[in-house]
Number of protein chains: 2
Amino acid sequence: MVKYNPLDATFAALSDPTRRAILECLSQENVPAAGLMVTSLAKPFDMSLPAISKHLKVLDKAGLLVRKRDGRIHRCSLDAAPMWEAARWISEYRNYWENQLGSLAGFLETFSAREEE
Amino acid sequence: MVKYNPLDATFAALSDPTRRAILECLSQENVPAAGLMVTSLAKPFDMSLPAISKHLKVLDKAGLLVRKRDGRIHRCSLDAAPMWEAARWISEYRNYWENQLGSLAGFLETFSAREEE
DNA sequence: ATTATATTTAACCATTTGGTTAAATATACA
DNA sequence: TGTATATTTAACCAAATGGTTAAATATAAT
């Protein structure tokens, strides 16, 4: 009865540690435009290639992953836009953080810390 | 192989629309300290009480729900602290939002909009 | 003591999830 | 053309998820 919401897919995608690790790999790519091929992405994980392939599909469906096919190589890169929507949803609860002293301050600090990098 | 991470439970808890709706109900309580009893919480949902009970357990395990038992009534209230951790994890990807023009600005706006309320 | 209310637990079921191995597909290379 | 590489799909499996109804538990009220 509750209509489909893209947040479902975003939060679900982020709930798995392997997928979060994949996102971290993608974010640490020094040439973000290029993207990582699937095999390289899979290397750090003690898991079969098809397993990683499935995880990538989940990230893809959540809109967190962009594939740019280049011959037989699939170059994967990050699109963090859905995370932004997730963070915006969470931000509605800011009032409840305020009660926990220092949390909000810390949060804003996190968000402005790299402003001048 | 990947060690347990509380973010797993937080993101998983947030991935279900019913649970997000429950959190919204909790957040809209005018007397947050009092908390909502389970039956009242369940009323808006086209779902059995045990189903809601299970959802509450998921939220509880994720640390998003605080129960204060008062006789046979369980008063539920929100603890948004784990959301804060989730948002902090997401914040690490801020650099990837910047590419999408306006997103970061909008985000910071969201977070400072109610500063003067 | 009985009955009603609030909530959870138990048992069950269908679907999804996260993994596997084996096979298929598509491209590159010799 | 044949072979190696990159990746997905298929088929399978165990465990988790999200729901149900029926029963159990705990408290309150009469």
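Within every chain, numbering begins at 1; the chains are lettered A, B, ... in the order of the sequence lines, protein sequences first and strands thereafter.
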Report task. Output the distance between atom CD1 (A:Ile73) and atom CE (A:Met37), rounded to the nearest 0.5 Å. Result ->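 If we round to the nearest 0.5 Å, A:Ile73:CD1 and A:Met37:CE are 4.5 Å apart.
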Report task. Verify, without hydrogens or angle tests, whether B:Arg19 (side chain) and B:Ala13 (backbone) share a donor-acceptor contact under 3.5 angstrom. Result ->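 Judged by distance alone, yes, a pair lies under 3.5 Å.
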Query - Exam field: side chain B:Arg69 to backbone B:Gly71, donor-acceptor pair closer than 3.5 Å - result: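 Side chain of B:Arg69 to backbone of B:Gly71: a pair is present.
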Rounding to an integer number of Å, can you tell me how far [X] [atom1] sits from [N] [atom2]?
{"X": "B:Lys43", "N": "C:dT7", "atom1": "NZ", "atom2": "C1'", "result": "14 Å"}
{"X": "B:His55", "N": "D:dA16", "atom1": "NE2", "atom2": "P", "result": "18 Å"}
{"X": "B:Asp8", "N": "D:dA16", "atom1": "CG", "atom2": "P", "result": "13 Å"}
{"X": "B:Ile52", "N": "C:dT8", "atom1": "CD1", "atom2": "P", "result": "11 Å"}
{"X": "B:Lys61", "N": "C:dT8", "atom1": "NZ", "atom2": "P", "result": "13 Å"}
{"X": "B:Leu49", "N": "D:dA24", "atom1": "CG", "atom2": "P", "result": "18 Å"}
{"X": "B:Arg75", "N": "C:dT5", "atom1": "CZ", "atom2": "P", "result": "17 Å"}
{"X": "B:Met37", "N": "D:dT27", "atom1": "CE", "atom2": "P", "result": "15 Å"}

**Report entry** A:Lys54 side chain, from C-beta outward: closest of C:dT7, C:dG18, D:dT8
**Finding:**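 Nearest listed nucleotide: C:dG18.
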Query raised in the report: Looking at C:dG19, D:dG19, C:dG18, which one has an atom nearest to any side-chain atom of B:Met47?
Result: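 Selected nucleotide: D:dG19.
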Is the shortest side-chain N/O distance from [X] to OP1 or OP2 of [N] below 4.0 Å?
{"X": "B:Arg69", "N": "D:dA26", "result": "no"}
{"X": "B:His74", "N": "C:dA6", "result": "no"}
{"X": "B:Ser53", "N": "C:dT7", "result": "no"}
{"X": "A:Ser48", "N": "C:dT21", "result": "no"}

Query raised in the report: Can you get from B:Leu36 to B:Met47 by hopping between Ile, Leu, Val, Met, Phe, Trp and Tyr side chains that sit under 4.5 Å apart?
Result: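 In one cluster with B:Leu36: B:Met47, yes.
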Query raised in the report: Do you reckon A:Leu26 sits in the same ILVMFWY cluster as A:Phe45, going by side-chain contacts under 4.5 Å, direct or chained?
Result: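 Hydrophobic grouping puts A:Leu26 with A:Phe45.
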Query raised in the report: Can a donor-acceptor pair under 3.5 Å be found between the side-chain atoms of B:Arg72 and the base atoms of C:dT5?
Result: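 Between C:dT5 and B:Arg72, which were checked side chain against base, a qualifying N/O pair under 3.5 Å is present.
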Report task. Could you pick out which residue, A:Ile73 or B:Lys57, lies toward the 5' side of DNA chain C when each is mapped onto its nearest nucleotide? Result ->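 Closer to the 5' end of DNA chain C: B:Lys57.
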